[in-house]
Amino acid sequence: MVKSRFAPSPTGNLHIGGARTALFNYLYTKHHGGIFVLRIEDTDVERSKEEYVDDILGGLSWLGVHWDEGPYYQKDRMDIYREHAFRLLEAGHAYKCYCTPEVLDEKKKKALKEGGKPHYDRTCRDLPPDDASNEGKPFVIRFRSPVTGQVSFTDLIRDTITFRCEELDDLIIFRTDNTPTYNFTVVIDDALMGITHIVRGDDHINNTPRQILIYEALKYPVPQFAHVPLIHGKDKARLSKRHGATSLLEYRNDGFLPEALMNYLARLGWAHGDQEIFTQEELIEKFDLPAVGKSPSVFDMDKLTWLNGHYMKTLPEEEIAGRLLPFLKGLGIETSCDARLVRVVVSLRERSRTLKEMARMSEYFFRDDFPFDEAAGAKFLTAATKPILLDFAEGLKVITSMDEEEALKALIEGLTKKYNAKPVAVIQPVRVALCGRTVSPGIFEVVAILGKETVRKRLTRAIESIQ
RNA sequence: GUCCCCAUCGUCUAGCCUGGUCCAGGACACCGGCCUUUCAAGCCGGCAACGGGGGUUCGAAUCCCCCUGGGGACGCCA
């Protein structure tokens, strides 16, 4: 049975990189019919915040990455970590260290200056067990790391990775304030929760040998590892706040669809032949860890936008209509998900790439008092077009329903003959009169959705606006 | 500085394991055309890459070594 986990620390929002790691865990686990666990690593009391937890849970839920267990919180498990630290201390796998941060910092700087590794010099590693000189002083607990030998593991994405033990140092597993640190808690929780596969960012490769050593000292089975390359920004550096949206939820607010995000994220670092479009079911069916690339990938907003456009025009129209509602509300438009809204969606979905864009483009379907775009008015609402608009309004009177496309076509054809003009010369002024802008869905769709009375009123308003 | 990881079009990638079918395929973006009622969409076409050097081999994007480049880690953060 495969059991995996996503273990973010609530010291920041759920960003694209974290979301992809969570997604890869999820897809791999579901592919194998396993269990996906969510665990919040909040041992850093100073920086952990409730609002970030909300953002992470909200982001994952929106994306469609659902956890089977959790969320577990590490702050609820402190006793477990303490008990384990004690066990290690008893067995001689850990020791108390009395060096102060200031001293440590100096030693580090010195080592670095001399071209060495900035590692702890193990001053306290071999203090006699009956040492009384440090009695009462604050201390941390360090893991006693082997000095010789090597640690290797088989990474599901990169094959064998080996570290020499002398590269590792005696890391702190418990702080002076009696709280545990990451490399310790992560091992205990993964072991206790029965995690079989650890899929995480490759910035954790260096931590892996240290964690393996802890598993071994605790006599827990070592899980499988898979290190996913990091996502980079356009400048090829690790994705960070300055590369744009910091929270996944910002993409939701910008009008992106979770289907598009999931599809895009899955394809970032992973491929299945030449296929670009995947449903969630297909991803679960086809995703596999060995197919994940080893090199970092650059986040490309253009491609995401393209994919979003694809889903805008292929998802069921009622679905899009429902999701458009909050964006309309954002523009002060209160409407319901009725047949008319669906009609608006159908007319606009081919030309909008996000829900936000669609909402902006649909404004004139819901308001009569919109302003005319200045350039559009100057070009198409003029003394020259006034007679055309008057004739068009007049011709409309004998047409009963705006759904009578044939009759409307005939009306426009008649006017093109009368004015010896191309259809566009008739249609554009009408479009500006009805929509206030030169860009809109097909004019027959527009009039059909607006209805006769609205069309009449808007023509009148436009004509009156001409001096 | 030390250690670890990585390296195909501008970007995401296929191909690499199991050398020849690859003078390298798809997608986004870009450019051009068609369609057309505006804008899109759609369709057709174009531009564009195996980082460098050595090997191995009849033959290398594919295997090996070195170099270079990029990234990551080196926290009483996770």
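- Whole-Å rounding puts the A/D373 CG to B/rU38 C1' distance at 13 Å.
- For residues 413-427 of chain A, every residue pair satisfying the salt bridge (Lys or Arg N to Asp or Glu O under 4.0 Å) rule, not counting sequence neighbours, is listed here: A/D391-A/K418.
- Here the P atom of nucleotide B/rC28 and the CD atom of A/Q275 are 14 Å apart, to the nearest Å.
- The CH2 atom of A/W306 sits 12 Å away from the C1' atom of B/rA29 (whole-angstrom rounding).
- Residue A/K294 places its side chain closer to B/rC6 than to any other of B/rA40, B/rC5, B/rC6.
- Nucleotides B/rC50 and B/rC6, compared at atom C1', are 16 Å apart to the nearest Å.
- Taking the P atoms as reference points, B/rC31 lies 40 Å from B/rU68, given to the whole Å.
- Sorted pairs that involve residues 173-186 of chain A and meet salt bridge (Lys or Arg N to Asp or Glu O under 4.0 Å), not counting sequence neighbours, are lacking altogether.
- If you take atom P in B/rG52 and the same atom in B/rG69, they sit 15 Å apart, rounded to whole Å.
- Rounded to whole Å, the C1' atom of B/rG51 lies 23 Å from the corresponding atom of B/rU57.
- The salt bridge (Lys or Arg N to Asp or Glu O under 4.0 Å) analysis of residues 267-280 of chain A, with sequence neighbours excluded, yields the pairs A/R267-A/E276, A/E276-A/K303.
- With both ends at atom P, the span from B/rG53 to B/rG15 equals 26 Å, rounded to whole Å.
- Residues passing the side chain to side chain donor-acceptor pair (under 3.5 Å) test with A/E41 are A/R39, A/Q74, sequence neighbours excluded.
- Taking atom CZ on A/R200 and atom C1' on B/rG72, their separation rounds to 14 Å, with Å as the unit.
- Counting non-hydrogen atoms of neighbouring residues, nucleotides and ligands closer than 6.0 angstrom, the CZ atom of A/F370 exceeds 12 such neighbours.
- A straight line from CG of A/N308 to C1' of B/rC28 spans 14 Å, rounded to a whole angstrom.
- Side-chain proximity of A/I161 to the nucleotides B/rC3, B/rU37, B/rC5 is greatest for B/rC5.
- Not a single donor-acceptor pair under 3.5 Å links the side chain of A/T382 to the backbone N or O of A/K379.
- Annotation: B/rC23 and B/rC28 have their P atoms spaced 25 Å apart (nearest Å).
- Nucleotide B/rG32: paired with B/rC44 (Watson-Crick or G-U wobble, both distances less than 3.5 Å).
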Inset, instruction - Give the C-alpha distance, both sets of side-chain angles, the deciding distance and a yes or no for ring-ring contact (aromatic ring centres under 6.0 Å, His included) between A/F36 and A/Y28. - result: CA-CA 9 Å; A/F36 176 57; A/Y28 180 76; over 10 Å; no
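- When both pairing distances are held under 3.5 Å, B/rU37 makes no Watson-Crick or G-U pair with any nucleotide shown.
- Of the two residues near RNA chain B, A/I205 and A/R351, the one whose nearest nucleotide lies more 5' is A/I205.
- Pairing for B/rG1 goes to B/rC74, judged as Watson-Crick or G-U wobble with the two contacts each under 3.5 Å.
- Comment: A/K107 does not engage A/D169 in a salt bridge, judged by the lack of any side-chain N to carboxylate O separation of less than 4.0 angstrom.
- With respect to the salt-bridge test (charged N to carboxylate O, under 4.0 angstrom), the residues A/D105 and A/K108 do not qualify.
- Between B/rA48 and B/rG26, the distance separating the two C1' atoms is 14 Å to the nearest Å.
- Across the strands present, B/rA61 finds no partner; the criterion is a Watson-Crick or G-U wobble pair with both atom distances under 3.5 angstrom.
- Residues meeting the ring pair (Phe, Tyr, Trp, His ring centres under 6.0 Å) test with A/F380, sequence neighbours left out: none.
- Here B/rG69 sits opposite B/rC6 as a Watson-Crick or G-U wobble pair (both hydrogen-bonding atom distances under 3.5 Å).
- For A/R158 and B/rA7, the CZ to C1' distance is 12 Å, given to the nearest whole Å.
- Every residue was checked against the ring pair (Phe, Tyr, Trp, His ring centres under 6.0 Å) condition with A/F392, not counting sequence neighbours, and none meets it.
- For the pair A/E445 CD and B/rA41 C1', the interatomic distance rounds to 12 Å; values are reported in whole Å.
- Residues satisfying the ring pair (Phe, Tyr, Trp, His ring centres under 6.0 Å) test with A/F225, not counting sequence neighbours, are A/F153.
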Legend entry - Contact state string [nucleotides 11-19 of chain B, B base, S sugar-phosphate only, - no protein heavy atom under 4.0 Å]: SBSS-----
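- On the P atoms, B/rG1 is 34 Å away from B/rA61, given to the nearest whole Å.
- Taken residue by residue, residues 431-441 of chain A places heavy atoms nearer than 4.0 Å to RNA chain B at A/R431, A/T438, A/V439, A/S440, A/P441.
- Qualifying ring pair (Phe, Tyr, Trp, His ring centres under 6.0 Å) partners for A/Y220, counting only residues two or more places apart in sequence or in other chains: A/H84.
- With a cut-off of 3.5 Å on both Watson-Crick or G-U wobble distances, the partner of B/rA49 is given as none.
- Between the C1' atom of B/rU2 and the CZ atom of A/F163 lies a distance of 12 Å, rounded to the nearest Å.
- Listed by chain and residue number, nothing satisfies the salt bridge (Lys or Arg N to Asp or Glu O under 4.0 Å) test with A/D55 (two or more places apart in sequence, or in another chain).
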Inset, instruction - Any chance you could list the contact pattern along nucleotides 73-78 of chain B? Use B for base contacts, S for sugar-phosphate-only contacts and - for none, protein heavy atoms under 4.0 Å, 5' to 3'. - result: SBSBBB
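- Contact annotation for A/L230: backbone-only contact, meaning every heavy-atom pair under 4.0 Å involves sugar-phosphate atoms and none involves a base.
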